[in-house]
Trainee: 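This is the structure I want to talk about, given as C-alpha cells.
What's counted below: heavy atoms across the whole structure, side chains too, no hydrogens, waters or symmetry copies.
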Amino acid sequence: MIAFFVALAIVVGVVEISVIIQVGQWIGFLNTVGLLLLVSLLGAWLVKRQGLGVMARIREQRSAGRLPATEAFDGALILVAGVLLVIPGFVTDALGLLLLLPPVRAVVRRFVSRRVLREVEMVRSRQWTRADPRPRQFVPPEQRPPPPPTPLPPASPPDR
C-alpha cells in the first residue's frame, strides 16, 4: 500500500511539473506563477466558504436529531479539495476545484459508498461462512469442569 502511494506521488509530481512547464511556455514564467497563486488563493476562499456551509448543515442535522452522514462526508471531500488546491500544480488544482462542485461531490459520495458497502458485504460473508463449522454441544452442569480457583488477595505488610 505504501508503495502505491509513493508511486502515485511520483507520477503526480512528474505530471504536475510537465504541465507547469508546458503552461509556462505558453503564457510565460511569471504569468504561470501568478496563475498558480491566484488559483490557490481562490481555492482557499472557496474551501473556507463551502466548509462553513457544511458546518452549518451539520449543526442543522444534529439539532434535528438526525445523523449528518452526508454532510460529514461532504466535509471530508471539501478537506481533500483544500489539500489538492494547496499542492502547487494545475492538475491537482483542477481536481480540487472539481471536488468543490456539489454535483461532483455527490457522484464521488455515491461511488465511495457503493465501494465501501461492497467491501462490508465481502467481510460479512467471509465472517459468517466458515469451512468447518463445529456445532456446540450441551454439557450438563454436573459434568462441567470446576472453575479455576480465585487467587488470594496480596498479604498486607506486618504492623510494627
Trainee: Among all residues two or more places apart in sequence or in another chain, which pass the side chain to side chain donor-acceptor pair (under 3.5 Å) test with Glu71?
Mentor: none

Trainee: Thr92 vs Val12, test: side chain to side chain contact (heavy atoms under 4.5 Å, CB included). Steps then yes/no.
Mentor: CA-CA 8 Å; Thr92 54; Val12 167; 4.1 Å; yes

Trainee: For Ile58 and Val54: C-alpha separation, side-chain torsions, deciding distance, then whether side chain to side chain contact (heavy atoms under 4.5 Å, CB included) applies.
Mentor: CA-CA 6 Å; Ile58 287 174; Val54 166; 4.0 Å; yes

Trainee: I'd like to know if Leu67 and Met55 are part of one continuous hydrophobic network [Ile/Leu/Val/Met/Phe/Trp/Tyr, side-chain heavy atoms within less than 4.5 Å].
Mentor: no

Trainee: Kindly compute the distance separating OG1 (Thr32) from CD1 (Ile21), expressed to the nearest 0.5 Å.
Mentor: 10.5 Å

Trainee: Just wondering, more than 12 heavy atoms not from Arg144 lying within 6.0 Å of its CZ?
Mentor: yes

Trainee: By side-chain contact (heavy atoms from CB on, under 4.5 Å), which residues pair with Leu79, not counting sequence neighbours?
Mentor: none

Trainee: Nearest 0.5 Å, what's the CZ-CH2 distance between Arg49 and Trp45?
Mentor: 4.5 Å

Trainee: Where the side chain of Arg105 meets the backbone of Leu100, is there a donor-acceptor pair that is under 3.5 Å apart?
Mentor: yes

Trainee: Return all side-chain donor-acceptor pairs below 3.5 angstrom for residues 36-44, not counting sequence neighbours, or 'none' if the list is empty.
Mentor:
| from | atom 1 | to | atom 2 | distance (Å) |
| --- | --- | --- | --- | --- |
| Ser40 | OG | Leu36 | O | 3.1 |
| Ser40 | OG | Leu85 | O | 3.3 |

Trainee: According to a 4.5 Å side-chain heavy-atom criterion applied to Ile, Leu, Val, Met, Phe, Trp and Tyr, with indirect links allowed, do Val14 and Val11 form part of one hydrophobic cluster?
Mentor: no

Trainee: Can you measure from CZ (Arg57) to CG (Asp74) and round to the nearest 0.5 angstrom?
Mentor: 5.5 Å

Trainee: Transitively linked via ILVMFWY side-chain contacts under 4.5 Å: Ile27 with Val19?
Mentor: yes

Trainee: Is there a side-chain contact between Val112 and Phe73 in this structure, where contact means two heavy atoms from C-beta onward sitting under 4.5 Å apart?
Mentor: yes

Trainee: With Gln61, which residues qualify under side chain to side chain donor-acceptor pair (under 3.5 Å), at least two apart?
Mentor: Arg66

Trainee: Let's go through Leu46 and Leu97 carefully: what are the C-alpha distance in whole Å and the side-chain angles of both, what is the deciding distance for side chain to side chain contact (heavy atoms under 4.5 Å, CB included) to 0.1 Å, and is it a yes or a no?
Mentor: CA-CA 9 Å; Leu46 285 170; Leu97 289 173; 4.1 Å; yes

Trainee: Going by the rule side-chain contact (heavy atoms from CB on, under 4.5 Å), which residues pair with Val107 if we only count those two or more places apart in sequence or in a different chain?
Mentor: Arg110

Trainee: First locate atom CD of Gln22, then atom CD1 of Ile20, and finally report the distance between them rounded to the nearest 0.5 Å.
Mentor: 12.0 Å

Trainee: Is it the case that the side chain of Glu16 and the backbone of Phe90 share a donor-acceptor pair, with hydrogens and angles ignored and the cut-off at 3.5 Å?
Mentor: yes

Trainee: I'd like to check Leu99 versus Ile78 (side-chain heavy atoms, cut-off strictly below 4.5 Å). Are they in contact?
Mentor: no

Trainee: Using the rule that Ile, Leu, Val, Met, Phe, Trp and Tyr join whenever any side-chain heavy atoms are under 4.5 Å apart, tell me whether Leu101 and Leu52 fall into a single cluster.
Mentor: no

Trainee: Would you please name every residue forming a salt bridge (charged side-chain N to carboxylate O under 4.0 Å, His left out) with Asp93, sequence neighbours left out?
Mentor: none

Trainee: Which atom names give the shortest non-hydrogen contact between Gly96 and Ala81, and what distance separates them?
Mentor: O-CB, 3.4 Å

Trainee: Does one hydrophobic cluster hold both Ile87 and Leu95, with members joined at side-chain heavy-atom distances below 4.5 Å?
Mentor: no

